[in-house]
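Take a look at the structure below.
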2 protein chains.
Amino acid sequence: MKSLDDLFLHFLQDVYFAERQLVKALPKMAKSAQAPALKEAFTAHREETIHHVERLEQVFEHIGKPAKGVPCEAIKGLIEEAEEVIGDSEPGPVRDAGLIACGQAVEHYEVARYGALIAWAQVAGHTDVVALLRQTIDEEKKADKMLNELALKQVNKSAATMAKAA
Amino acid sequence: MKSLDDLFLHFLQDVYFAERQLVKALPKMAKSAQAPALKEAFTAHREETIHHVERLEQVFEHIGKPAKGVPCEAIKGLIEEAEEVIGDSEPGPVRDAGLIACGQAVEHYEVARYGALIAWAQVAGHTDVVALLRQTIDEEKKADKMLNELALKQVNKSAATMAKAA
């Protein structure tokens, strides 16, 4: 990595890998959730994630590089954590609360990645690329906010009741 | 994980592991950075991170559990990415820009973790624990903001100049 372009390409490949892993992981998260609103949130976000992959492919095209992922250990770890929560819990509000926390960690990670890519594209003057990446970061932030509201308004309280009943 | 307390404990152990890994990783990030302000930011954040570990130990004490970490694959992946950037670059603004992006990803991850822990401690009525975790989340957010400003005001522009010179 000798230039900002090299750095941009590496992180673009990293987030491309991450988004494609998420397309695969989100159906399992939706299936494992119990609250209908959470199932729906994960399912809807999977649809958005498919668009994120497509937008990244447009970014690759803009910079004249083939769309290619590089293994991203962070996203693998984040997905592994969600699988751990699923494996160690029964369907219900406690698992749902854990899944929301895992989902929010993924969104935060992606916001960090897209934030860096946008800043680098701006300084390199790639206006079209900035516009594409902005659409995605806005959706990631919205998904994080929605998960947060679900936790605060509904899931955490149900999970706390479970604790008292146990 | 049958109760919110179980979930809280698991994520507490996870972030305890993460913070202790960061105490070990931050000196290498500081050493590998070139911009004095970035070196200083990583060094100062390492000092804060030592306090985060101590605060987590107080949280363990409050809930009457021994302070213990559980391997957190996400933080391992995030640290591995920073090491990859260091391994694949020479000292200078391009590496610094990459290190900032990696640092911000770590901060975002931690903000997600502490956010969930705070929400769960609130619903469980652990007021003292909430106060401890709040101090740390505020410092993580401040660290993220400082890295962001460093990137936008200084490092990214220098890195872009490198690209043009290459």
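Throughout, a chain's letter reflects where its sequence line sits, starting with A, and its residues are numbered from 1.
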Item checked: Heavy-atom contact with chain B under 4.5 Å, split by part of A/Ala101 ->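 Both backbone and side chain of A/Ala101 come within 4.5 Å of chain B.
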
Checking [X] against chain A: side chain, backbone, both or neither under 4.5 Å from a heavy atom?
| X | answer |
| --- | --- |
| B/Ala151 | neither |
| B/Asp144 | neither |
| B/Leu78 | both |

Verify the cluster assignment for [X] and [Y]: are they in a single hydrophobic cluster under the rule of side-chain heavy atoms below 4.5 Å apart?
| X | Y | value |
| --- | --- | --- |
| B/Val59 | B/Phe17 | no |
| A/Leu133 | A/Val111 | yes |
| A/Leu117 | A/Leu132 | yes |
| B/Trp120 | B/Ile137 | yes |
| B/Ile118 | A/Leu99 | no |

Output the option from [options] having the highest count of non-hydrogen pairs under 4.5 Å with chain B.
| options | result |
| --- | --- |
| A/Pro93, A/Gly92, A/Ala97 | A/Ala97 |
| A/Glu73, A/His108, A/Gln104 | A/His108 |
| A/Gly98, A/Ala119, A/Ala116 | A/Gly98 |
| A/Glu80, A/Met1, A/Glu81, A/Arg95 | A/Glu81 |

Pick from [options]: which one has the most heavy-atom pairs with chain A under 4.5 Å?
| options | value |
| --- | --- |
| B/Ile100, B/Leu152, B/Asp14 | B/Asp14 |
| B/Ala105, B/Cys102, B/Gly115 | B/Ala105 |
| B/Glu90, B/Gln122, B/Arg113 | B/Arg113 |

Note to self: Just checking B/Gln135: does its CD atom have more than 12 heavy atoms from other residues, nucleotides or ligands closer to it than 6.0 angstrom?
What the structure shows: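 Check passes, neighbour count above 12.
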
Notebook entry, point to check: Under 6.0 Å from the NZ atom of A/Lys141, do we count more than 12 heavy atoms belonging to anything else shown?
Noted result: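 Atom NZ in A/Lys141 is not packed in, count stays at 12 or less.
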
Checklist line | Residue pair B/Ala160 / A/Val123: nearest heavy atoms and the distance that separates them | finding: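 That closest heavy-atom pairing would be CB-CG1, 3.9 Å.
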
Notebook entry, point to check: Can you tell me how far the NZ atom of B/Lys2 sits from the CE atom of A/Met162, to the nearest 0.5 Å?
Noted result: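 Those atoms lie 10.0 Å apart.
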
Note to self: Rounded at 0.5 Å granularity, tell me how far NZ in A/Lys157 sits from CG in B/Leu4.
What the structure shows: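 Going from the NZ atom of A/Lys157 to the CG atom of B/Leu4 covers 12.5 Å.
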
Notebook entry, point to check: Are any non-hydrogen side-chain atoms of B/Val85 and A/Phe11 less than 4.5 angstrom apart?
Noted result: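 Yes, close enough: below the 4.5 Å cut-off.
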
Item checked: 4.5 Å side-chain heavy-atom contact, B/His10 and A/Glu84 ->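 Touching, per the 4.5 Å side-chain cut-off.
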
